[in-house]
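The block underneath contains the structure these notes are about, expressed in structure tokens.
All ligand and atom numbering here is 1-based and tracks the order in the structure. The first residue in the sequence is number 1, and the count goes up from there.
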Amino acid sequence: MCGIVGYAGPKPAIDVVNEGLRRLEYRGYDSAGVALMADGEIVTEKRAGKLSNLAEAVAARGGMTGPHVGIGHTRWATHGAPTDRNAHPHVSVDGRTAVIHNGIIENFAQLRAELEGDGVEFTSDTDTECVAHLLAREVGQGVDLTEGMRRVCRRLQGAFTLLAVHGDAPGTVVGARRNSPLVAGVGDGEYFLASDVAAFIRHTREAIELGQDQVVTITADGYSITDFEGEPTDGTPFHVDWDASAAEKNGYEYFMLKEIAEQPRAVADTLRGRFDVGGGIILDEVRMSDQDFRDIDKIFIVACGTSYHAGMVAKYAIEHWVRLPCEVELASEFRYRDPVLDRSTMVIVISQSGETMDTLMALRHARTQKARVLAISNTVGSTIPRESDAVLYTRAGIEVAVASTKAFLTQLAACYLVGLHLAAVRGIKYVDEVAAVVAELAETPEKIATVLAGMEPVRELAKRMGTADRALFIGRHVGYPVALEGALKLKELAYMHAEGFAAGELKHGPISLIEEGTPVVVVVPSPRGRSLLHDKVLSNIQEVKARGATVIAIAEDGDDVVAPHVDHVVFTPRTSTLLAPLLTALPLQVFACELAAAKGHDIDQPRNLAKSVTVE
Ligand code: AGP
């Protein structure tokens, strides 16, 4: 949710911070602000709305290029509306302390009451502002900024990454984290703090991941890390090996278009070199033995949003291949439902960002119940993989557009690998059976490229559908989660009422939504797979057609039966039923993107959303 950047070094801090915020804007874009240290004085600028509003305000002040130390913030609002006054940084009453924050301080109401009791007048509705006042109070009592931060952190509950500057420590930025991400960048005579390495990748590729409950202090000369009690500690150094250009649009109008186009490569990368000769997958970090995989007697897949839809597809594959019961759960519901978990349960958590708080909390709940956790994530070293027993990284590369595309496809690929691995390790499938599916998987990148090359009719169709006020998506079996994903894409991008349904469920209520011309997108299963499924979906098409729907079918090449019964049909290459989502999801991504573009919406940063949701 919010993106934060801090800098200490020889460059104009505003340039480094602005550039960092631009790369972190995907994390939140309700408002943005900076605090810079100028000769022991803090100067701030902040504005509601996109980063461009802040840039204009900074330019109107002559660029603010003097200071070499500063912090910056781009916000996804939690406490307080997205206004100028609620934008970060928040500054103490004496103007000497400035703080930015990502997360939620759960005991802010008590802290605010305490501070107001001491006569502090608040100028915003945020939970963050109390940190600025508490920190000012600590430093005012004679401790240095780092110790002040530790003392404040010990009083805070909830999730937070904090960065602060203080007039008494003009060369210093102090950061702290609990349950929210923070990495340090180690440059040559310059140091960085940020929510994500993307913020400083142009300056250095050497990074340090901060652990839970740690405080970090940077100056132009170095950095130091302690825990909240002041014990010196180390972060985890890592080298960032992706290219800075990966975070650029490279000629595409939107990141989403670029990321859709990258899917053949992303899936190929995720599959590459992943199988050993025995049919097992090569996990990236394994704190689980093959015996652990054999001891499992049930599986839960836990995730949010698009990742949840990938998990729904995985359920079909795992139950079919592994013959183990597999439940899929929304992470935000999982721990509150008090699921029955024990040592023989495996929980697969799926998260592109590796930071989603709902998923992280579900993971922690699972581990306290002694379940073994396998993470599927796209973000190396993020919290969710770090806290899991084993990790399989998708290799989608950085995904900037808020609407997930290539992350979804690579999650599907990773889920298939996990399913096959379980089947191999548990002796349910022979090595040659696993190899046959792997060989088919290896063909999908080319098929994905074929589908993407034929998307012009989908684009045209989407433009013509721009006036529709709603759409339904239906499918059966693995087509059902694809339908849900298609509807999610349309909701988040086109701000349209779109719903996905299991096609068979329509007649139990939702069919009453259909009026003359209502668009219904149908994910049609292969007629070569289970013909029963295909026939049932054909019946569902008849049902909606009879009520006036305009039907758009996604069908397999060679399916001659569907075309006469629908208004539009988009064909995808032949593949086996379980792998079909790797292809059938593509037209739905393009459809949503083009329809939203036709409506003039912001494709990469849809309203009210943020790329990674680090609050519960
Ligand atoms: C979908 O387009 C969204 N970006 C969203 O549903 C996302 O998949 C969800 O918030 C989970 O994120 P994660 O994979 O980073 O945990």
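When each atom of ligand 1 is checked for a heavy atom of Ser351 under 4.0 Å away, the hits are 13 (P), 14 (O), 15 (O), 16 (O). Residue contact check: Ser353 has heavy atoms under 4.0 Å from atoms 13 (P), 15 (O), 16 (O) of ligand 1. Close approach of ligand 1 to Ser307 is summarised as follows: ligand atoms under 4.0 Å from at least one heavy atom of the residue are 8 (O), 13 (P), 14 (O). The ligand atoms of ligand 1 that sit less than 4.0 angstrom from a heavy atom of Ala403 are 2 (O). For ligand 1 and Gly305, the ligand atoms under 4.0 Å from any heavy atom of the residue are 6 (O).
Considering each of Ile376, Thr306, Asn378, the one bringing a non-hydrogen atom nearest atom 1 (C) of ligand 1 is Thr306. Among Thr356, Asp358, Val349, Leu488, the residue whose heavy atom sits closest to atom 13 (P) of ligand 1 is Thr356. Scanning Lys491, Glu492, Gln589 for the heavy atom closest to atom 2 (O) of ligand 1 points to Glu492. The residue among Thr614, Val613, Thr359, Val402 with a heavy atom at the shortest distance from atom 4 (N) of ligand 1 is Val402.
Ala331 meets the side-chain contact (heavy atoms from CB on, under 4.5 Å) test with Val302, Cys304, Asp358, Thr359, Ala362; sequence neighbours excluded. Under the ring-ring contact (aromatic ring centres under 6.0 Å, His included) criterion, Tyr393 pairs with no residue at all, not counting sequence neighbours.
Distance from atom 9 (C) of ligand 1 to its nearest protein heavy atom, with residue and atom name: Cys304 O, 3.6 Å.
Ion pairing of Glu399 with Lys611 is present here, as a side-chain N (NZ or NE/NH1/NH2) and a carboxylate O approach within less than 4.0 Å. With respect to Lys258 and Glu253, no salt bridge is recorded, no charged nitrogen being found less than 4.0 Å from a carboxylate O. For the pair Asp389 and Arg367, the salt-bridge criterion is met [side-chain N within less than 4.0 Å of a carboxylate O].
Side-chain atoms of Ser307 and Gln411 include a donor-acceptor pair closer than 3.5 Å. For the residue pair Tyr254 and Asp602, no side-chain donor N or O sits within less than 3.5 Å of a side-chain acceptor on the partner.
Proximity of Lys489 to ligand 1, defined as any heavy-atom pair under 4.0 Å, is confined to the side chain (atoms from C-beta onward).
Looking at Phe275, Phe293, Trp321 one by one, the single match for ring-ring contact (aromatic ring centres under 6.0 Å, His included) with His421 turns out to be Phe293.
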